[in-house]
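For reference, the structure is listed below as structure tokens.
Since the model is a prediction, treat every value here as computed from it, not as a measurement. Any value given below was found using the heavy atoms of this structure, including those in side chains, with hydrogens, waters and symmetry copies removed. Quick note on labels: first sequence line is chain A, next is B, and so on, each numbered from 1.
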Protein chains: 2
Amino acid sequence: MERTVSQVARLAGVSVRTLRHYDAIGLLPPGHVASNGYRYYGRAELLRLQRILLLRELDVPLPAIGRILAEQDDEIAALRDHREQLVQERQRLDAVIGSVDRTLQGLSGDESVGDEEFFAGLSTKRSELQEDLTERFGPGVGASFEAAVRATDGWGREDYERMADEGRRLLLRLGAARARGVLPDSPEALKLMQLHYQGVYDLWQADATGYYNLGGVLLDNADQRALIASVDPELPPWLSAAVQAYAIRKLGYSSH
Amino acid sequence: MERTVSQVARLAGVSVRTLRHYDAIGLLPPGHVASNGYRYYGRAELLRLQRILLLRELDVPLPAIGRILAEQDDEIAALRDHREQLVQERQRLDAVIGSVDRTLQGLSGDESVGDEEFFAGLSTKRSELQEDLTERFGPGVGASFEAAVRATDGWGREDYERMADEGRRLLLRLGAARARGVLPDSPEALKLMQLHYQGVYDLWQADATGYYNLGGVLLDNADQRALIASVDPELPPWLSAAVQAYAIRKLGYSSH
DNA sequence: CTAAAGGCTGACGTAACGTCACCCTCCAGC
DNA sequence: GCTGGAGGGTGACGTTACGTCAGCCTTTAG
């Protein structure tokens with residue numbers, strides 16, 4: 001009736017090492033240990049092992065299995081909790097897969113949007129954007145464009161492409177965050193938006209007001225919106241909200 | 001232009017420890033290390049960090065990120081491969097969640113099937129099963145029932161319940177294996193079936209022929225089938241095939 | 001000049017074992 | 001009684017991506 005490690009291993013379909021491990025962490029001590037150190041398992045241990053393996057197949061971590069087997073009564077409640085975690089993990093995976101798809105989309109073909117139009121289209125479409133901002137909010141808002149244009153005067157195609165690449169990846173990250181359920185005004189989103197603001201600032205020394213207004217334009221300007229949507233169809237409203245949240249929380253914008 | 005660890009950490013939203021780690025594994029060495037050991041990062045490193053973080057958010061493991069960034073060209077192919085793995089993992093999770101659901105079903109309510117009817121109903125429904133086997137395959141097949149009945153003569157309700165519990169969990173494990181896509185005649189299935197055969201043998205000293213025939217009865221006998229289906233609706237045909245596969249492969253059954 | 005930041009290098013902990021490396025014990029055959 | 005091989009045992013490192021000390025050294029502000 002007493003089985004050795006290798007016998008139990010064969011019977012249950014686990015490795016000897018696994019049995020030693022379960023002994024080491026106290027999950028399944030042998031029924032009896034001989035004076036020479038040999039482990040011997042009886043019927044009770046085999047039963048316990050079966051229950052362990054069932055739970056293990058259900059992705060329950062070993063410490064949790066130990067607790068469940070210790071307190072028989074709430075085995076079902078524990079499994080229900082566990083199920084919740086599994087479902088959450090699946091949702092997370094779904095979001096990640098969606099992000100990967102959009103990333104592939106954003107990185108592969110999609111040459112419909114020229115490289116130099118990127119960084120939210122701020123590079124070559126700047127003048128158009130400037131007009132839009134100026135006519136909607138007055139000349140003050142777009143004024144700093146001039147300095148920015150001069151700053152990038154010496155840029156070659158390569159510089160723009162690097163900038164475009166950077167912007168594209170940032171939009172992808174923002175899309176991934178959105179897909180994961182991150183809210184536009186959450187701390188995590190604001191961390192990412194700092195990068196966005198930096199990028200915008202490099203092309204156009206935007207202040208709080210300018211950046212805040214940009215939040216609206218991103219939604220209303222067809223080109224801008226299309227550019228962002230090309231990376232993630234659901235990103236434009238999220239990004240718009242995030243821009244405005246950043247302007248308020250981090251740049252101190254207020255509509256006075 | 002040169003940023004210290006904490007500055008980069010704040011900018012990118014990662015921990016200082018993470019930067020040290022990325023340096024240690026060679027994923028992101030600082031642009032410059034001062035004579036006092038201080039790390040300083042330039043624009044190029046910030047760019048690389050952004051790309052790292054994008055891929056990290058997509059669940060790409062760090063070594064893979066390193067390879068992807070090293071060989072720019074197949075970034076997209078690498079992501080496509082990665083996507084495949086994510087999808088597989090999601091499928092696995094789906095299967096696990098299904099198994100958890102059936103396990104909850106099998107462990108909670110379900111008192112419609114009395115405890116002592118378990119272990120594939122072999123305990124109290126034995127006589128009925130014996131009739132079925134005898135009338136279909138002749139008296140020889142069911143003969144050893146007699147000895148088994150005597151062997152369990154002294155059993156109390158408690159013994160039967162323990163046996164039932166054991167059987168129930170085994171069926172759950174088999175269901176989990178089936179859901180994971182394990183085939184009835186695969187080595188993994190046969191390992192589990194050894195446990196099933198042992199359980200059957202304890203209640204009825206079945207030989208290869210008897211066990212093989214049981215495979216058919218499990219499908220045709222309404223009680224048996226319902227019992228198994230109560231644990232997993234798709235289990236009966238799988239289990240039937242597994243029983244016969246075990247009889248052939250492990251017990252040497254042949255229809256001569 | 002001193003204290004507070006902030007930087008640095010180890011080193012352990014995490015999940016669940018796989019995989020050596022090295023040593024001991026039992027049993028069968030000579 | 002001896003010996004070889006199967007099978008038992010105990011460390012201890014490797015894996016993933018850092019978190020979290022502990023202990024020591026710079027830089028910077030007052």
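If you measure from atom NE2 of A:H32 to atom P of D:dG9, you get 12 Å, rounded to the nearest angstrom. Computed from coordinates, the A:R10 CZ to D:dA6 P distance equals 15 Å when rounded to whole Å. When rounded to the nearest whole Å, the span between CD1 of B:I25 and C1' of D:dC18 equals 10 Å. Per the geometry, CG belonging to A:L19 stands 15 Å off P belonging to D:dG7, to the nearest Å. The distance from atom CG of A:L28 to atom P of C:dA16 is 15 Å, rounded to the nearest whole Å. For the pair A:E89 CD and C:dA15 P, the interatomic distance rounds to 15 Å; values are reported in whole Å. The interatomic distance linking A:H21 (NE2) with D:dA12 (P) rounds to 17 Å, in whole Å.
A:R83 pairs with exactly one of B:V96, B:T103, B:V100 by the side-chain contact (heavy atoms from CB on, under 4.5 Å) rule, that one being B:V100.
Ring-plane geometry between B:Y246 and B:Y197 is classed as tilted, the angle between the planes lying from 30 to 60 degrees on a 0 to 90 degree scale.
Under the 4.5 Å side-chain criterion, counting only non-hydrogen atoms from C-beta, A:L239 is in contact with A:M193.
Not one side-chain nitrogen or oxygen of A:S15 sits closer than 4.0 Å to the OP1 or OP2 atom of C:dT19.
Between the A:E45 side chain and the A:G42 main chain, a donor and an acceptor come within less than 3.5 Å of each other. For B:Q205 (side chain) and B:Y201 (main-chain N/O), a donor-acceptor pair under 3.5 Å exists by modelled atom type.
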The test is side chain to side chain donor-acceptor pair (under 3.5 Å); show your working for B:H196 and B:Y211 and say whether it passes.
CA-CA 10 Å; B:H196 184 261; B:Y211 193 61; 2.7 Å; yes
Any chance you could list the contact pattern along nucleotides 2-11 of chain C? Use B for base contacts, S for sugar-phosphate-only contacts and - for none, protein heavy atoms under 4.0 Å, 5' to 3'.
----BSSB-B
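Across all strands shown, A:Y22 has heavy atoms under 4.0 Å from sugar-phosphate atoms exclusively, and none from any base.
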